[in-house]
Amino acid sequence: MELDPGQHFESRAAEEKWDRLWREQGVHRFDEGSAAPTFVIDTPPPTVSGSLHVGHVFSYTQTDVLARHQRMNGRNVFYPMGWDDNGLPTERRVQNYFHVRCDPAVPYERAFAMEASPSDGGTKTPPRKISRGNFIELCLALTAEDEKAFKSLWQRLGLSVDWSQEYSTISDRSRRLAQLSFLDLFRKGHVYNLEAPTMWDVDFRTAVAQAEVEDRSQKGAFHNIRFGMEDGDGSFVIATTRPELLPACVAVAAHPEDQRYASLLGRRAVTPVFKAPVPVFASPLVDREKGTGILMVCTFGDATDVLWWREQSLPLRQILGRDGRLMPVEFGSASFPSLDPAAANAAYGPLAGRTVKEAQKGIVELLRDPAGAATADGAPPLVSEPQPIEHPVKFFEKGDRALEFITTRQWFVRLMDRKADLLEAGDRISWHPDFMRLRYRSWTENLQLDWCISRQRYFGVPFPVWYPVTTSGESDFERPILADAAALPVDPTTDAPPGYEAFQRDQPGGFRAEGDVFDTWFTSSLTPQIASGWSLAPERHRKLFPMDLRPQSHEIIRTWAFYTIVKALLHENTIPWRHVAISGWVLDPDRKKMSKSKGNVVTPMHLLDQYGADAVRYWSLSAKLGTDTAFDEKVLKVGRRLVTKLFNAAKFVLSQSGPEGPISSPLDLAFVARLQDCVARASEALDAFEYAAALDTIERFFWGSFTDTYVELVKGRARGESDPEGRASALATLRLALSVQLRLFAPFVPYITEEIWSWTLARSEGQPSIHRAPWPRAEELLGGRASGADAEVFTTAVVFLDAVRRAKSAAGATVGRQLSRLRLAAHPTTADGLKKSLGDLVAAARVEDLSIERRPGMEVGILEVLECQLAEMPPER
RNA sequence: AGGCGCGUGGCUCAGUGGUAGAGCGCUUCCUUGACACGGAAGAGGUCGGUGGUUCAAUUCCACCCGCGCCUACCA
């Protein structure tokens, strides 16, 4: 080892060197053959279609520190990394990046290549339409690039991932397992397909599940519209925020106890403009206080409409198409009855093809016209100007326009009949922090719909399903044809089902592909099974599943955590993991969530360059689980300072030459006893996943007890010639303390600790990598060495050192200044304590004549400086 | 609207039924033999508010205020 004075730790060089060596030597490798207890992590596969930001660094480092601790603790750690590349985020990114749209009608092009589109320059050229096959190729190509960026960040950060366990959610194996999952659920009766009103995003043109829906407060307006009665007797005014759905009105509802409308119940009303006769029924779900207390039921304005439609067996009048525009309809037909079909068709005609927003304008105009009145008085149906309101509206979380309820055929996983089991499963899992279990609970309790798993998209895992085509050319959805498990993964749009030939595709008596893909969560909810191999590797699966730890962030408890629990329950009637660790978010300095759209994202690479990976890790690890933290560069500086201090302290310890001997000096024994206490507390915290508390404990000990005090106190003895036994004891203590503290720090700051370890400890401790060295244990410190230590000796010495420093500072002298005379007063107990390490104290204080007055009246543990005489300054050198 | 979390020195955060903690920032001092990417000494807080329990409350309880999130609320 060559250590030059003034040498600094070069973090960048160390990161490259050690990261490479760790991989070459398989330091983080899961040992398939080992019988050692395992620790299995269900690593979150990052969505690779997003930009990197410090939030990624933050949460992934928090998992890594637990993995590293468990590994040093002797566990056979399984720590894989996956990439979540399938799904809408990738599709959207490809659409924007290449300025393309997928159109399954376009034929596949071989040797297809595209350049990134230069941001369209506002030219408004329509996106190029490309085939499904080519679209998927672009998705794969782009995600491959993104995965590289993530991987290099993870490696730079020093995540102790076992890279031989890498997977991606669009890979053959993931597709195969996702399709196996579907087959298993089908066989067990947990999935079904159904044509029903479903929440639909009109821009992405796909169904979405309840878990992906969020409420957004939107501006709207109550429109008060007068309806007539079919028998001409009376009228009433409904209030609606969606007048454009008037043509789809199928009923009117009022509260059963509302006297105002009691006379209307059971009779038939007539809609204005379209003159459709509709029943008036009573429902306790109607809020008498809201609007006018009576409302129109449409197919479909909201979830309550869907409920009433089912409950009252109302007819379906779907006017909204999958593209969010009004479809052409024929009034006077069986499905769209009207008392005045000619007028109704004349009114509706211009609305067909319009968006919801445009249609609303058109309808409001019609409602202002007395001609549309459903009553005899001939007054305009819109009885007053619209009253603006703010109200919550359901959106797809990634969407820009409100969701609509549109009747389509979709596949669902039954959840509503398993809520009790799901709640019980959540309770069997340990949540960190514990209160996070409430988010799971409240989500599960409030679940209202089965899980819609089909998406009308392209870059995803296809359903392994075909339908028989009847002789009349219809798909028989009741008798789906499932793929053979052995044939998976399949793509039904290109593969033929078992028992059929390719030429029978779309032919009467043949088959038709299910063209949908799975909800990405259908695959993501299998990350434990994908990592373990599940039914493809039963032996391995048994060893790895249920897993130990699922780390994730809180906003996806309702999706990722929830669906993973669902799958484990439905497939194997178990929980997927024993612990869930929920990381917080990194907020910007104004405490706002970082997001690309807000432009407040802090990217990690420059921070790694500027402060080093260990410092960035330090920042990540100083925040507790579950707690959102404002990004603060100051903490990075503190981390860098710790790295430097470790480097220098180690340099000092390892440059002290001389033989070690038994640890015998009272001060050394007392210090080792303290170290032992630190080890115990840090270990306890880490075992409970409280890495931040552990770091705090270790760091506090390192600065407070080690560098600032113990090292200063024994420097003289470690270098002195006069006391060989004392010197040998000091050297042994310093080296033990370094070894132990390095190992305590190793999971947190793996690079600097490995660097120092490599100087001499790798050889003397018989373990080439500190990350495979044993986590410190109390026994190793005891071993007869610290037993019988008088811990007070150290405490008293600290008090002494403080008093001397204060006295010198008050006298305007430096810490290193010699004292000719120092007189102290203390309680006899304290004075006796001081005597036990007197030699060290005299040397540390650099005092020639030290005397301690015994005063029984004083408080124990307090020192009073009676006199402090500075020595003559040495002559100028 | 219900639930959960948070509110501690200028900033970022720990913590605790018994005279308040850290780091950064600030003031003063110091190139000393591991470290100026450092060290020493200091100033700075009635721990969101009001009640209650207790010998004692920043900590426990109730209510309130502010912020954040979760769930619900679409007529």
Side-chain angles (χ1 to χ4, degrees), chain A residues 3 5-9 11 215-218 220 222-223 238-242 245 252-253 285-287 290-298 301-305 308 389-394 402-403 433 435-448 554-555 557-558 584-585 587 589 591-593 611-612 615 619 622-624 626-635 637-656 692-693 696 699-700 703-704 707-708 711-712 715 719 801-802 804-810 812-817 846:
Chain A
L3 290 174
Q7 181 185 333
H8 292 137
F9 177 57
S11 58
D215 284 355
R216 295 185 199 159
S217 188
Q218 295 287 300
F222 265 128
H223 295 71
I238 61 105
T240 181
T241 54
R242 302 210 58 186
L245 292 179
V252 167
L285 295 179
V286 177
D287 182 349
K290 210 160 189 172
T292 55
I294 188 165
L295 57 91
M296 67 171 181
V297 179
C298 306
D302 62 24
T304 325
D305 280 349
W308 280 320
I389 55 160
E390 284 260 334
H391 63 156
V393 177
K394 286 195 192 307
L403 287 170
F435 65 80
M436 286 294 179
R437 73 170 62 247
L438 293 172
R439 299 211 178 179
Y440 173 84
R441 174 159 279 282
S442 69
W443 171 254
T444 308
E445 282 172 345
N446 284 295
L447 201 66
Q448 285 169 17
H554 45 69
E555 84 274 20
I557 289 176
R558 61 143 95 171
W585 284 336
L587 307 173
R591 305 204 65 83
K592 296 274 178 277
K593 195 192 173 193
Y611 297 100
W619 161 74
S622 56
K624 293 187 293 188
T627 305
D628 296 346
T629 310
F631 178 71
D632 183 6
E633 212 156 327
K634 287 180 307 196
V635 183
K637 288 187 188 161
V638 178
R640 191 176 54 186
R641 206 170 64 110
L642 171 66
V643 170
T644 303
K645 194 70 172 179
L646 273 166
F647 183 87
N648 286 314
K651 203 164 66 175
F652 168 73
V653 170
L654 295 178
S655 61
Q656 302 305 306
D696 184 68
E699 198 190 0
R700 207 177 279 276
W703 289 97
T707 64
D708 290 355
V711 169
E712 296 303 328
K715 255 182 193 170
R719 279 196 288 254
L801 208 54
D802 281 348
V804 170
R805 283 171 179 165
R806 257 198 310 277
K808 284 185 178 177
S809 187
T814 71
V815 185
R817 182 73 179 273
R846 303 189 187 185

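Below, read A as the first sequence line, B as the second, and so on, with proteins coming before strands; counting in each chain starts at 1. Since this is a predicted model, take the numbers as computed values, not measurements.
- Residue A:R719 places its side chain closer to B:G33 than to any other of B:U71, B:G33, B:A72.
- Here A:V653 lies out of heavy-atom contact (under 4.0 Å) with every strand.
- Ring geometry, A:F631 versus A:W619: the interplanar angle exceeds 60°, so the pair is classed perpendicular (tilted spans 30 to 60°).
- For the pair A:L801 and A:M296, both in contact range of RNA chain B, the more 5′-proximal nearest nucleotide belongs to A:L801.
- Interatomic distance, OG1 of A:T240 versus CD1 of A:I238, reported as 5.0 Å (0.5 Å rounding).
- Closest approach to the A:Q656 side chain among B:A34, B:C70, B:C73 is made by B:A34 (side chain taken as heavy atoms from C-beta onward).
- A donor-acceptor contact shorter than 3.5 Å links the side chain of A:K808 to the backbone of A:R817.
- For A:W443, the listed nucleotide lying nearest its side chain is B:A72; candidates were B:C24, B:C37, B:A72.
- Looking at heavy-atom distances under 4.0 Å, A:D305 makes no contact with the nucleic acid at all.
- Both tests hold for A:K715 against A:F652: distance to the six-membered ring centre under 6.0 Å, angle to the ring axis within 45°.
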Under-3.5 Å N/O pairs linking protein and nucleotides 12-14 of chain B:
{"from": "B:U12", "atom 1": "O4'", "to": "A:D632", "atom 2": "OD2", "distance (Å)": "3.1"}
{"from": "B:C13", "atom 1": "OP1", "to": "A:R591", "atom 2": "NH1", "distance (Å)": "3.3"}
{"from": "B:C13", "atom 1": "OP1", "to": "A:A630", "atom 2": "N", "distance (Å)": "2.6"}
{"from": "B:C13", "atom 1": "OP2", "to": "A:R591", "atom 2": "NH1", "distance (Å)": "3.1"}

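- With hydrogens and angles left out, the side chain of A:T814 and the base of B:C30 share no donor-acceptor pair within 3.5 Å.
- In the set B:G5, B:C69, B:A72, the nucleotide with an atom closest to the side chain of A:R439 is B:C69.
- At a threshold of 4.0 angstrom between heavy atoms, the contacts of A:T644 include nucleobase atoms, whether or not backbone atoms are also involved.
- In this structure, of B:C35, B:C37, B:C4, it is B:C37 that holds the atom nearest to the side chain of A:R640.
- Side-chain contact between A:H391 and A:F222 is absent, with no heavy atoms from C-beta onward closer than 4.5 Å.
- Summarising the base pairing, B:G17 is matched to no nucleotide, lacking a Watson-Crick or G-U wobble pair whose two defining distances lie under 3.5 Å.
- Summarising the base pairing, B:A56 is matched to no nucleotide, lacking a Watson-Crick or G-U wobble pair whose two defining distances lie under 3.5 Å.
- For B:C24, the OP1/OP2 oxygens have a side-chain nitrogen or oxygen of A:R641 closer than 4.0 Å.
- A donor-acceptor pair is defined here as one N or O able to donate and one able to accept, closer than 3.5 Å; no such pair exists between the side chain of A:S809 and the backbone of A:R805.
- Spacing between atom NZ of A:K808 and atom P of B:C29 amounts to 19 Å, rounded to whole angstrom units.
- A donor N or O paired with an acceptor N or O is not found under 3.5 Å between the base of B:A72 and the side-chain atoms of A:E445.
- With rounding to whole Å, A:K637 atom NZ is found 10 Å from B:C24 atom P.
- Separating the CD1 atom of A:I557 from the C1' atom of B:G5 is a distance of 12 Å, rounded to the nearest angstrom.
- Using a 4.0 Å heavy-atom cutoff across all strands shown, A:E633 reaches no nucleic acid atom at all.
- Nucleic acid contact for A:R242: none, since no nucleic acid atom lies under 4.0 Å from a heavy atom of the residue.
- Of the candidate nucleotides B:C35, B:G23, B:C74, B:C35 has the atom nearest to the side chain of A:K645.
- Atom NE2 in A:H554 sits about 17 Å away from atom P in B:C4, given to the nearest Å.
- Pairing for B:G68 is with B:C4, a Watson-Crick or G-U wobble pair whose two hydrogen-bonding atom distances lie under 3.5 Å.
- We find the NZ-CG distance between A:K645 and A:D708 to be 6.0 Å, quoted to the nearest 0.5 Å.
- The CD atom of A:E699 sits 9 Å away from the C1' atom of B:A22 (whole-angstrom rounding).
- Residue side chain A:K715 reaches the base of B:A34 through a donor-acceptor N/O pair under 3.5 Å, judged by distance alone.
- At a threshold of 4.0 angstrom between heavy atoms, the contacts of A:F222 are confined to the sugar-phosphate backbone, with no base atom among them.
- When distances are taken from the side chain of A:V815 to each of B:C73, B:G5, B:U32, the shortest belongs to B:U32.
- Residues A:F9 and A:V643 are in side-chain contact: their nearest non-hydrogen atoms beyond the backbone lie under 4.5 Å apart.
- Residue contacts for A:W703: at a heavy-atom cut-off of 4.0 Å it reaches the sugar-phosphate backbone alone, with no base atom in range.
- The base-pairing partner of B:G23, taking Watson-Crick or G-U wobble contacts with both distances under 3.5 Å, is B:C11.
- Across all strands shown, B:A43 remains unpaired; no Watson-Crick or G-U wobble contact has both distances below 3.5 Å.
- Side-chain nitrogen and oxygen atoms of A:K394 include at least one within less than 4.0 Å of the OP1 or OP2 phosphate oxygen of B:C73.
- When side chains are defined from C-beta on, A:L285 counts as touching A:W308, because their heavy atoms get closer than 4.5 Å.
- Residue A:A649 has its side chain nearest to B:A34 when only B:A40, B:A34, B:C74 are considered.
- Applying the Watson-Crick and G-U wobble criteria (two distances, each under 3.5 Å), B:A36 pairs with nothing in any strand.
- In this view, A:D632 and A:K634 satisfy the salt bridge (Lys or Arg N to Asp or Glu O under 4.0 Å) rule, not counting sequence neighbours.
- Among the atoms of the strands shown, base atoms are found under 4.0 Å from some heavy atom of A:V286.
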